[in-house]
Visitor: 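Here it is, the structure, as structure tokens.
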Amino acid sequence: MARHDIGTLEDFEEDRPIKGMAGETAILVIRRGSEVTALAHACPHFGLPLSKGHLEGDRLICPFHHACFDVSTGRQTQPPGHGDLARYAVAIADGRVTVEIPEDTDPHPAPAHVRRGADSRRVVIAGTGAAADACALTLREEGFEGSIAMISPEGQPPYDRTLLSKAVLATGDLPRHLTLTPPEALAARDIDLIEGRVAAIDAARHEIRTETGAVHGYDSLLIATGGTANRLDLPGSDLGGLHHLRSRQEGEMLARDAGTARRAVVVGGGFTGMEAALSLAKRGLEVTVALREAVPLARVVGEAVGRAIMAEHEAKGVRFVTGAKVAGFEGDGRVASVRLEDGTRLDADLVLLAIGVRPATDIKGLSPEDDGGLATGPDLAVEGLEGVWAAGDVARLPTPWGRTRIEHWRLARQHGARAARAMLGHDTGAPDIPFFWTALGRQYRYLGHAEDWDEIRIDGEASGDFVARFIRDGRVMALLGAGRDAEIARAHAEMARVGGPLPL
């Protein structure tokens with residue numbers, strides 16, 4: 001145990017997170033009057049500095065990926081990441097502040113949890129994505145001692161799918177952050193991982209059946225099956241070298257294939273396609289993006305920002321073919337070109353089809369809506385199916401932004417935690433604030449949700465540091481920014497305070 005002098009009270013501005021040093025340990029210092037709190041400085045998600053975060057009351061928002069913490073306790077209250085902030089003992093004497101740093105202290109202690117006990121209740125979780133993982137962990141952290149079984153189509157523990165189009169594809173390696181909850185952590189919480197794919201639900205009997213015929217009974221069931229990649233049924237679709245990017249296995253195959261390819265065509269201009277295009281370009285491939293639209297992502301971020309993103313890609317050597325309609329693929333056993341309807345041929349050793357996903361709800365016993373989503377209540381309970389909840393990409397629920405289905409990885413984790421609390425009859429808390437980020441030519445942060453808008457007001461230049469506000473019916477439905485992380489984090493706190501979109 002070592003005690004370190006970190007300065008005087010006057011060295012720390014009030015109500016502002018500040019980085020301090022206790023010997024060689026970076027700490028987060030928060031002063032309120034004559035009281036000082038010292039916490040771990042790094043966010044448990046990717047280790048980024050929380051001293052750059054936004055503090056409002058006891059809520060601290062990481063400005064990079066918007067993990068939230070209660071600084072009065074160090075507890076993490078919102079994803080991403082999974083770990084609290086260590087609190088260090090503080091003493092103040094004669095105006096000097098000292099902090100005690102125990103040896104071998106984990107800066108991010110795991111939240112307290114229970115294991116399986118005498119409780120006979122059974123929870124089955126269909127899926128092992130972000131929502132499924134958060135649900136299982138939250139159940140144990142909320143005191144549930146019944147059985148928990150996660151049905152994994154890949155037989156893999158939960159992993160971060162968002163890294164497939166970035167770190168995995170750009171390097172060909174699996175980053176240490178890819179796995180969310182490793183097998184040993186699942187075992188320590190008595191969470192069973194079962195390989196299988198759910199084929200049918202018998203709501204009357206409270207049973208699910210997998211494609212192999214295995215039957216699992218449940219008291220509570222979470223449908224967190226995510227999405228399946230859209231396919232093109234065109235000539236040449238069975239050729240080698242054609243890829244989708246939705247699963248870990250697909251990501252590994254694509255990354256391996258990129259190691260020997262010279263020319264790549266990405267079909268589709270959504271976030272996954274744009275991230276993948278840059279990642280492939282970093283590997284030294286000649287990359288062409290073929291998209292139907294004139295400007296990538298314009299339907300999501302607006303034309304001005306879409307054009308800025310397009311220019312960033314072009315500066316990295318990515319070529320765009322707009323107004324492109326794919327007619328088929330050509331090659332002898334392996335793809336050699338993408339043929340467009342106008343007769344243009346795009347040479348390729350590798351093709352990534354990034355044309356969106358559809359909720360994976362093709363399960364007997366479910367009644368999905370036209371887009372494949374499952375209608376739920378605010379607590380994510382599926383309408384018309386007792387004891388069944390849905391979370392993540394498959395859930396369409398009432399929100400302050402309207403009844404909507406949002407395919408955000410962070411929101412999926414929020415859904416999983418909300419569903420777990422609902423299963424146990426616990427308070428599910430305030431509405432979730434949607435947020436996502438994307439790593440393109442630079443880091444973009446998107447807060448809120450806007451499927452359409454009356455206008456977009458851009459403060460700054462879309463090609464530089466900016467914040468865009470998406471306005472509908474006199475309210476700010478969403479904000480998108482680059483280089484303005486503190487402003488986006490502050491808006492997050494405001495949305496949490498008002499419970500949804502912001503008044504102008």
Side-chain angles (χ1 to χ4, degrees), residues 43-46 62 64-68 76-83 110-111 123-141 148 150-168 174-183 185-186 189 191 193 198 222-229 245-251 271-272 275 357 359-361 373-374 376 380 389-397 405-423 428 432-439 446 449:
C43 179
H45 180 221
F46 278 150
C62 174
F64 303 101
H65 306 113
H66 288 217
C68 298
Q76 183 172 6
T77 58
Q78 291 291 333
H82 187 253
V123 173
V124 172
I125 301 173
T128 48
D133 181 57
C135 180
L137 295 177
T138 302
L139 285 168
R140 290 296 189 226
E141 290 160 16
I148 302 175
M150 300 177 73
I151 310 298
S152 170
E154 300 176 68
Q156 294 279 348
Y159 62 89
D160 184 350
R161 185 176 50 78
T162 68
L163 294 178
L164 297 178
S165 57
K166 298 190 280 284
V168 173
L174 297 180
R176 65 183 181 88
H177 291 290
L178 185 66
T179 298
L180 294 170
T181 305
L186 294 175
R189 293 161 175 78
I191 298 169
L193 185 66
V198 176
L222 179 68
I223 306 298
T225 45
T228 57
L245 186 56
R246 189 66 186 175
S247 69
R248 176 173 177 158
Q249 182 181 23
E250 289 172 337
F271 284 108
T272 296
E275 289 175 352
V357 301
T361 52
L374 299 174
T376 79
L380 296 164
W389 283 260
D393 292 358
V394 303
R396 181 177 293 279
L397 68 155
R405 188 176 64 81
I406 303 174
E407 297 175 357
H408 294 180
W409 183 87
R410 179 181 179 275
L411 187 63
R413 294 197 69 78
Q414 292 173 303
H415 280 183
R418 176 177 293 274
R421 295 186 182 103
M423 290 176 184
T428 55
D432 297 317
I433 305 300
F435 172 82
F436 75 86
W437 66 94
T438 182
Y446 184 100
H449 183 66

Visitor: Determine whether I151 and I125 make a side-chain contact, defined as any pair of heavy atoms from C-beta on separated by less than 4.5 Å.
Guide: no

Visitor: Could you give the distance from NE2 (H449) to CD1 (I433), rounded to the nearest 0.5 Å?
Guide: 13.0 Å

Visitor: Within a strict 4.5 Å, meaning less than it, do heavy atoms of the L163 and H177 side chains meet?
Guide: yes

Visitor: Return the set of residues passing side-chain hydrogen bond (donor to acceptor under 3.5 Å, both in side chains) with T438 (not counting sequence neighbours), or none when no residue passes.
Guide: E275

Visitor: Are P80 and W437 packed together at the side-chain level, in the sense that at least one heavy-atom pair is separated by less than 4.5 angstrom?
Guide: yes

Visitor: Please lay out, stage by stage, how C135 and M423 fare under the test side-chain contact (heavy atoms from CB on, under 4.5 Å).
Guide: CA-CA 10 Å; C135 180; M423 290 176 184; 4.1 Å; yes

Visitor: How far apart are the closest heavy atoms of A134 and A417, and which atoms are they?
Guide: CB-N, 4.0 Å

Visitor: What distance do L178 atom CG and Q156 atom CD have between them, rounded to the nearest 0.5 Å?
Guide: 9.0 Å

Visitor: Heavy atoms only: give me the nearest L374-A390 pair and the separation to one decimal.
Guide: CD1-CB, 3.9 Å

Visitor: Is there a donor-acceptor pair under 3.5 Å between the side chain of T181 and the backbone N or O of A185?
Guide: no

Visitor: Start with the C-alpha distance between T228 and R246, add both sets of side-chain angles, then the distance that settles side-chain contact (heavy atoms from CB on, under 4.5 Å), and finish with yes or no.
Guide: CA-CA 7 Å; T228 57; R246 189 66 186 175; 6.0 Å; no

Visitor: Are any of the side-chain heavy atoms of V168 and P175 separated by less than 4.5 Å?
Guide: yes

Visitor: Measure the CG-CZ distance between L164 and R248 for me, rounded to the nearest 0.5 Å.
Guide: 9.0 Å

Visitor: Which pair of heavy atoms, one from P158 and one from L186, lies closest together, and at what distance?
Guide: CD-CD1, 4.1 Å

Visitor: Rounded to the nearest 0.5 Å, what's the gap from OH on Y159 to OG on S247? Could you check?
Guide: 5.0 Å

Visitor: Examine distances only and state if a side-chain atom of R140 and a backbone atom of A136 form a donor-acceptor pair shorter than 3.5 Å.
Guide: no

Visitor: So how far is it from H82 NE2 to L137 CG, rounded to the nearest 0.5 Å?
Guide: 4.5 Å

Visitor: In terms of the angle between their ring planes, are F271 and F436 parallel, tilted or perpendicular, with boundaries placed at 30° and 60°?
Guide: perpendicular

Visitor: Can you tell if the side chain of C68 reaches within under 4.5 Å of the side chain of Q76, non-hydrogen atoms only?
Guide: no

Visitor: Nearest 0.5 Å, what's the CD-CZ distance between E141 and R421?
Guide: 8.5 Å

Visitor: Would you say T361's side chain and G373's backbone share a donor-acceptor pair under 3.5 angstrom?
Guide: no

Visitor: Just wondering, do P182 and P157 contact through their side chains at under 4.5 Å, heavy atoms?
Guide: no

Visitor: Does a side-chain heavy-atom distance below 4.5 Å link T128 with E154?
Guide: no

Visitor: Residues in side-chain hydrogen bond (donor to acceptor under 3.5 Å, both in side chains) with R413, at least two apart?
Guide: D133

Visitor: Verify whether the ring centers belonging to W409 and H415 lie closer than 6.0 Å.
Guide: no

Visitor: For residues A439 and K166, report the shortest heavy-atom separation together with the two atoms involved.
Guide: CB-CD, 3.7 Å

Visitor: Tell me the closest heavy-atom pair linking G83 and P44, and the distance in Å.
Guide: O-CG, 3.3 Å

Visitor: For F435 and H66, take the angle between the two ring planes, folded into 0 to 90°, and tell me which bin it lands in: parallel under 30, tilted 30 to 60, perpendicular over 60.
Guide: parallel

Visitor: Please answer whether the main-chain N or O of D393 pairs with a side-chain N or O of R405 as donor and acceptor at a distance below 3.5 Å.
Guide: yes

Visitor: Do you know which two heavy atoms are closest between L222 and A391, and how far apart they sit?
Guide: CD1-CB, 3.8 Å

Visitor: I want to check something: taking the side chain as every heavy atom from C-beta on, are T225 and V198 in contact at a cut-off of under 4.5 Å?
Guide: no

